[in-house]
K.L.:
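Pasting in a structure now, in structure tokens, and then I'll have a few things to ask.
Every chain is numbered from 1, with letters handed out A, B, ... down the list of sequences.
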Amino acid sequence: MLSWSILELLRENPELLKEHVKRRLMDPVLIDEAKKIDDEWRKALTGLNKMRSQHNKLSRSLKEARDPSERQKLIRQARELAARIKSEEEKLYAIEGKREELLLALPNLVEDDVPIGDEEASIPIRFWGKPKVWKDHIDLFLEQTEKYGFSVEYDMLEDKPVGHADMLEHVLKLGDTLKAGEVAGSRFFYLFQDIIWLETALLAYAIDKMTGKGYALVMPPYMLRGNIVKRVIDLETFKDAIYKIENEDLYLIATAEHPLAALYAGEEIYDDELPLKLVGISPCFRKEAGAGNRDLKGIFRVHQFHKVEQFVYSLPEESRRIHEELIKNAEEIFQGLELPYRVIKIASGDLGACAIKKYDLETWMPAQGKFREMVSASNCTDWQAYRLKMRLIRRKGMKRSYVHTLNSTAIASTRAITAILENYQNKDGTITIPRVLKKYLEVYDTAPKDYIHPTRKIVSPKAKKKKTC
RNA sequence: GCCGCGGUCGCCUAGCCUGGCAUGGCGCCGGCCUGCUAAGCCGGUGGGGGUCUCCCGCGCGGGUUCAAAUCCCGCCCGCGGCGCCA
């Protein structure tokens, strides 16, 4: 029998499963309901199977029956039984639909070392780099470091750094969210010229890094069917993030994770093919419906951006080790960019239903005086695999179970740009280009190589008006 | 978008016309045999449940029938041709 960790626990140890749900600060009544309907379903199925068996016997005996009156009798019996089966089937399907709905609503388990609590309970586990801290932000900085028992070296800034949004739109004049707001809505943007070279270089750098580690480069579909999307993510994400194409059963992806997880939907994977390591590149479309008024300025939280994404299909016994590998890969990328960061172990209440454990990488943002999320790395264990029916077959004994899936950002374009705008700004209004990106810019004649300067050739109509008045 | 052909167990395939327990091969797993390898032989290899001489399963969903892989309708996907667009 194919075993899904959560269904196994639901049947064998529902109390323990409740403990996991409680860790997420969710109502464990979920488990009682799921258990009840699963029992009901199993009972109904057994009852129905007995009737079907009866009917099959009748039907088989009809094949041989020659005597016309005997045939009539058997047909009448079979007909009656068939009618009863049909009504029982309808009941079963109703239960089955409800069962499916409840099972798909169950969150993943929670790994034992995940801190319990809401967002506040998430804890930094390591720091890297020497953040540039503005003198008025020192207390704020210490609250994000020393409070957790870390002593992090920093460089003090005398002058107040320019925020990434102002840097982009008013100093460099290489972005325009005002005009984008008029023509598309808030959280959209126009980017111009050197910023796009920067984005191109960031994506190329991440791709180069990941393929160098043996990850296979994938360009996935940017839209997926509803039935796939709802199996890759939880309902919450679906409501907050997913755009739908009108009059079609197609949804814009919020990350390459979705189509990469769907790549093996319904497939069998043999143990000797694992781990299967992928690096996807795609645009990401997000409604940001739950974001309220947070990060309205600039391009930190937007409806579309590009992302290079790590995705791994793994053996169950290897997923924990690979999860560490994914966050280490992301760290290597940000170390290369020389952006100071910390890694956070996300608390149980803030995990997202798919993940058993999640790390975020947050870079220091000198103008905000905060560490902000750049990368999210999740171990989904068999949660996505069960929903997408991605089976693992072990050669030894041909035992069947489910693969584990993991995902992590490598680079998210707009976020990484904001981090560079705040960390690499100079007094003269220029941005130093991180050294590691230079080789990806050298091949282009018109791309900037060392610095991004405030543009002389203004494209943005809003910036033009400001200049003339 | 239109017309034609197709979709069967991990892969390939028979069965469809003419309704009555899904055939064979490859691969894989287990065993036997063998000095080693190769070959050979036997058994297994979709899913589910209360694990049994049970049920369901032939792209998906409906219909006809005592009974559907098989007949009918709708849809999805693939291939070929035509049209349209880049």
K.L.:
Is any side-chain nitrogen or oxygen of A:R79 closer than 4.0 Å to OP1 or OP2 of B:rA67?
P.N.:
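It does not, given that no N or O in the side chain of A:R79 lies less than 4.0 Å from OP1 or OP2 of B:rA67.
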K.L.:
Within the pair A:K86 and B:rC66, is there a side-chain N or O less than 4.0 Å away from OP1 or OP2?
P.N.:
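Checking B:rC66 against A:K86, no side-chain N or O comes under 4.0 Å of OP1 or OP2.
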K.L.:
Can you check the A:R394 CZ to B:rG27 C1' distance for me, whole Å?
P.N.:
20 Å
K.L.:
Assign A:L62 to base, sugar-phosphate, or nothing according to its heavy-atom contacts below 4.0 angstrom with the strands shown.
P.N.:
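Base contact - A:L62 has a heavy atom under 4.0 Å of at least one base atom.
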K.L.:
For a quick test of reading the model: is some side-chain N or O of A:R391 closer than 4.0 Å to OP1 or OP2 of B:rG46?
P.N.:
no
K.L.:
Under 4.0 Å between a side-chain N/O of A:N56 and OP1 or OP2 of B:rC56, yes or no?
P.N.:
yes
K.L.:
On RNA chain B, check which nucleotide each of A:W41 and A:H55 is closest to and give me the residue with the more 5' one.
P.N.:
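The residue closer to the strand's 5' end, by nearest nucleotide, is A:W41.
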K.L.:
Whole angstrom is fine here: how far is it from CG in A:L7 over to C1' in B:rG49?
P.N.:
12 Å
K.L.:
Output the single nucleotide from B:rG10, B:rG49, B:rG50 whose closest atom is nearest the side chain of A:K50.
P.N.:
B:rG50
K.L.:
Students often get this wrong, so: under 4.0 angstrom with heavy atoms, is A:T46 touching a base, only sugar-phosphate, or nothing?
P.N.:
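Base contact.
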K.L.:
Please state how far atom OH in A:Y402 lies from atom C1' in B:rG46, giving the value in whole angstrom units.
P.N.:
12 Å
K.L.:
Decide if the gap between the ring center of A:Y402 and the ring center of A:Y386 is smaller than 6.0 angstrom.
P.N.:
yes
K.L.:
Are A:F311 and A:Y313 near enough that their ring centres are under 6.0 Å apart?
P.N.:
yes
K.L.:
Are more than 12 heavy atoms, taken from residues, nucleotides or ligands other than A:Y264, located less than 6.0 Å from that residue's OH atom?
P.N.:
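For A:Y264, atom OH is not crowded (no more than 12 foreign heavy atoms under 6.0 Å).
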K.L.:
State which of B:rC54, B:rA67, B:rG63 makes the closest approach to the side chain of A:S53.
P.N.:
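Output: B:rC54.
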K.L.:
Just how far, in rounded Å, is C1' of B:rG44 from CZ of A:R395?
P.N.:
16 Å
K.L.:
Touch check for A:R52, heavy atoms < 4.0 angstrom, all strands: base, sugar-phosphate only, or nothing?
P.N.:
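It contacts sugar-phosphate atoms only.
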K.L.:
Tell me the stems RNA chain B sits in, counting at least three consecutive Watson-Crick or G-U wobble pairs, each under 3.5 Å on both distances.
P.N.:
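Consecutive-pair runs (3 or more) involving RNA chain B: B:1-7 with B:76-82, B:10-12 with B:24-26, B:27-32 with B:40-45, B:46-48 with B:54-56, B:59-63 with B:71-75.
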K.L.:
Separation of A:I269 atom CD1 from B:rC11 atom C1', in whole Å?
P.N.:
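Going from CD1 in A:I269 over to C1' in B:rC11 covers 16 Å.
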K.L.:
Both A:L58 and A:E89 contact RNA chain B. Which one's nearest nucleotide lies toward the 5' end?
P.N.:
A:E89
K.L.:
OP1 or OP2 of B:rC77 versus the side-chain N and O atoms of A:R225: is any pair under 4.0 Å?
P.N.:
yes
K.L.:
Whole angstrom is fine here: how far is it from CZ in A:R42 over to C1' in B:rC55?
P.N.:
16 Å
K.L.:
Answer yes or no on whether A:R415 is positioned over the face of A:F300, meaning its NZ or CZ is under 6.0 Å from the six-membered ring centre and within 45° of the axis.
P.N.:
yes
